[in-house]
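Written out below as C-alpha cells is the structure these notes cover.
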Amino acid sequence: MQFKHIPLLTLASYVAAQASNNTLNATLSGNPDLSNLTSFISVSPGLLQQLSNAQNITILAPSDKAFEELLNSPTSEMLNEDPGLLSALLQYHILNGTYMADQISNMSAFIPTMLMNGSYSNVTGGQVVEAVQVGNETVFYSGLLRNTTVQEADLNFNGGVIHVIDSVLTLPLSVLDTLNIADLTALRGAVNTTDSISAVNDTPDLTIFAPTNEAFQSIGSALQNLTDEDLANILSYHVVNSTVGYSTDLENGTSLQTIQGSNVTITIDTNGTVFVNAARVVTPNILVANGVVHIIDNVLNPMATSGPTPSATSGAPGFTDASSVSDVPYTSDQPTPTTTMNPTEDGAGPATSSTTGGAVPMRTAVMGMGALFGGAAVLMI
Ligand SMILES: *[C@@H]1O[C@H](CO)[C@@H](O)[C@H](O)[C@H]1NC(C)=O
Ligand SMILES: *[C@@H]1O[C@H](CO)[C@@H](O)[C@H](O)[C@H]1NC(C)=O
Ligand SMILES: *[C@@H]1O[C@H](CO)[C@@H](O)[C@H](O)[C@H]1NC(C)=O
Ligand SMILES: *[C@@H]1O[C@H](CO)[C@@H](O)[C@H](O)[C@H]1NC(C)=O
Ligand SMILES: *[C@@H]1O[C@H](CO)[C@@H](O)[C@H](O)[C@H]1NC(C)=O
Ligand SMILES: *[C@@H]1O[C@H](CO)[C@@H](O)[C@H](O)[C@H]1NC(C)=O
Ligand SMILES: *[C@@H]1O[C@H](CO)[C@@H](O)[C@H](O)[C@H]1NC(C)=O
Ligand SMILES: *[C@@H]1O[C@H](CO)[C@@H](O)[C@H](O)[C@H]1NC(C)=O
Ligand SMILES: *[C@@H]1O[C@H](CO)[C@@H](O)[C@H](O)[C@H]1NC(C)=O
Ligand SMILES: *[C@@H]1O[C@H](CO)[C@@H](O)[C@H](O)[C@H]1NC(C)=O
Ligand SMILES: *[C@@H]1O[C@H](CO)[C@@H](O)[C@H](O)[C@H]1NC(C)=O
Ligand SMILES: *[C@@H]1O[C@H](CO)[C@@H](O)[C@H](O)[C@H]1NC(C)=O
C-alpha cells in the first residue's frame, strides 16, 4: 500500500482505528477533541441505541471547544429544561449516508439527518443540512444560515465516517421566528393579520417565497385597501405545500403549484440568477423547522404571473400600478429581533441587521426555543 498520498490526519486516524477496533465508541473515545460528544451520546439512551446499530451514516462531531461555547450560552439552561432537546440536537448532527469530505463539492447538497422528531422538525425524511465546499473548506449550513467548518475530516468507523466541526449546528427555527430574525417582519405581520400563523408554522414540508420588507413597502398603496381575504389570497400564492424545494430542486422552468391554486414559475437566466415569476431570489435556502424559505425582492401577484425580462438583474414588481408608502406595511405590532441571521450563503449578499445592535439573545414569549438556539450560536462567533 502507498501511504505517501494519504493526508497525515487520515493516516493517523486510520492507524488509530485499526489499533483499537473500528467501532463508533472506539473512534469517538480515541479522539481527545470529542470527549463531550462521547459523554452526551452516552447520556442519550435512545440515541446510543440508534447509533450502535447504525450503518452508512456521517456524524458531524462538534469539538469540545464547540460544546464549551454552547454550554456557556443560554442554550445550556434550555438543555436542562427540555430533556428531548439534547437528543434532537444530536440527531441533527447525524447524516443519512456516508459522505467523505471529498464527496462534498462546490455545488450545495441538502442532506437528510436523523432529526425526524415532530416536536423539533416537520420535514419528511429528516431535517436537512446544506453541505458545500467553500474554497478549501468543507462547510455545513444549518438554521439561520449559520455555518460550521470541518476541522478534522474523514475519521472512519465501521458504520460510516465522522467529521469534527468547529461549532454546534443551529436547529432550524419555526417560520415565524426565522422571519423575525431575518428582518422579514412585513411578511410576518401580514401572516398574523390573516390569521395564518399556525398554517405556516405547523404544516409540514413547505417552500416559502418571502418578500423583503422593501418589497412590501414599494407596493404599499396597493396593499392599503385590501381585505384580509385578498391579502390571504396573495400570501398563499407565496407558499408551496408538500414540497421542500431547495435551490438544487429548482430548475429552469420548474412550475410549482402554490396553496393559492395557481403556479409560480422558476426561471434561471444564463448568469445563474434565479427568479420566481418576475421576482428575484436574493437569499435562497434558509432552513426552517418545516421546510425552506427563499427571500425574494418583490411581492408576487397571482394575477400577474409573467417571468423576468431577459437579462434583468433585479426583479420586477408584480403590482405594476402601485406606489411606495413611508412605513413598512404590517410591521406596527411586530417584535424587535434580538439577534441576526447570517449573511447569504456565499457571504456576498447584504447582511440583515439587528435592530437592537446587540447579539445577546433574550428570552421572550415571542422568541421560541429555536430562537434561543439561534441566539446562542451568535455568541459563538
Ligand atoms: C470489533 O469489536 C466488536 C465488538 O467489541 C467485535 O464484535 C468485532 O469482532 C471486533 N472486530 C475486529 C475486527 O476486531
Ligand atoms: C467505549 O470505549 C471506552 C474507552 O475505550 C470504554 O471504556 C467503554 O467501555 C466503551 N463502551 C462501550 C459501550 O463499549
Ligand atoms: C467537556 O470537555 C471538557 C474537556 O475538554 C471537560 O472539562 C468537561 O467536563 C466536559 N463536559 C462534559 C459535559 O462532558
Ligand atoms: C436513509 O435514506 C434512505 C433513502 O436514501 C431511506 O431509505 C432510509 O430509510 C433512510 N434511513 C433512515 C434511518 O432514515
Ligand atoms: C448509503 O446511504 C445513501 C444515502 O441514503 C444511499 O444513497 C446509499 O445507497 C447507501 N449505501 C449503502 C451501502 O447502503
Ligand atoms: C410540527 O407540526 C405539528 C402539528 O402538525 C406541531 O404541533 C409541531 O409544533 C410542529 N413542530 C415544529 C417543530 O414546528
Ligand atoms: C485554506 O485557505 C486559506 C486561505 O484561503 C489558508 O489560510 C488556509 O491555510 C487553507 N487551509 C488549508 C487546510 O489548506
Ligand atoms: C460563516 O459565518 C460567518 C459569520 O458568522 C461569516 O463571516 C463567514 O463568511 C461564513 N462563512 C461561510 C463560508 O459562509
Ligand atoms: C399578532 O397581532 C396581534 C395584534 O396586532 C399582536 O398583539 C400579536 O402580538 C401578534 N402576534 C405575533 C405572533 O406577532
Ligand atoms: C383606497 O381607499 C381610499 C378610501 O376609500 C381611496 O381614497 C383610495 O383611492 C384607495 N386607494 C387605492 C389604491 O385604491
Ligand atoms: C398541505 O397539504 C396537506 C397534505 O396534502 C393537507 O392536509 C393540508 O391541508 C395542506 N395545507 C394547506 C395549508 O394547504
Ligand atoms: C432558462 O429558460 C429560458 C427560457 O425558457 C432561457 O431563455 C434561458 O436561457 C434558460 N436558462 C438557462 C440557464 O439555460
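From a predicted model like this one, the values you see are computed outputs, not experimental measurements. Whatever order the structure lists ligands and atoms in, that order sets their numbers, starting from 1.
The shell of residues lying under 4.0 angstrom from ligand 11, judged by heavy atoms, excludes A199.
M116 and I57 are members of different hydrophobic clusters when ILVMFWY side chains are connected at heavy-atom separations under 4.5 Å.
Nearest to atom 3 (C) of ligand 3 by heavy-atom distance, out of L71, N36, V43, is N36.
Less than 4.0 angstrom separates some heavy atom of S35 from each of these atoms of ligand 3: 2 (O). Using a 4.0 Å cut-off to heavy atoms of Y141, the atoms of ligand 8 that qualify are 12 (C), 13 (C), 14 (O). Shown in contact with N241 at under 4.0 Å from a heavy atom are these atoms of ligand 11, numbered in order with element: 1 (C), 2 (O), 3 (C), 8 (C), 10 (C), 11 (N), 12 (C), 14 (O). Interface of S39 with ligand 3, defined as ligand atoms under 4.0 Å from a residue heavy atom, comprises 14 (O). Residue contact check: S242 has heavy atoms under 4.0 Å from atoms 2 (O), 5 (O) of ligand 11.
Partner T305 forms a side-chain contact (heavy atoms from CB on, under 4.5 Å) with one of T265, N263, N277, V264 and no other, that one being N277.
Taking the six-membered ring wherever Trp is involved, the centroid distance between the rings of F40 and F67 falls below 6.0 Å. Between F209 and H238, the distance from one ring center to the other does not fall under 6.0 angstrom.
Checking atom 9 (O) of ligand 3 against the protein gives no heavy-atom contact under 4.0 Å.
Between Y330 and F216, the two ring planes are perpendicular [angle over 60°; tilted spans 30° to 60°].
Among residue pairs with one or both ends in residues 284-309, none qualify as salt bridge (charged side-chain N to carboxylate O under 4.0 Å, His left out); sequence neighbours excluded.
Once rounded to the nearest 0.5 Å, the distance linking OG1 of T113 with CD1 of I94 reads 8.5 Å.
The protein atom (non-hydrogen) at minimum distance from atom 13 (C) of ligand 11 is I259 CD1, 3.7 Å. Shortest contact from atom 4 (C) of ligand 3 to any protein heavy atom: D64 OD2, 4.0 Å.
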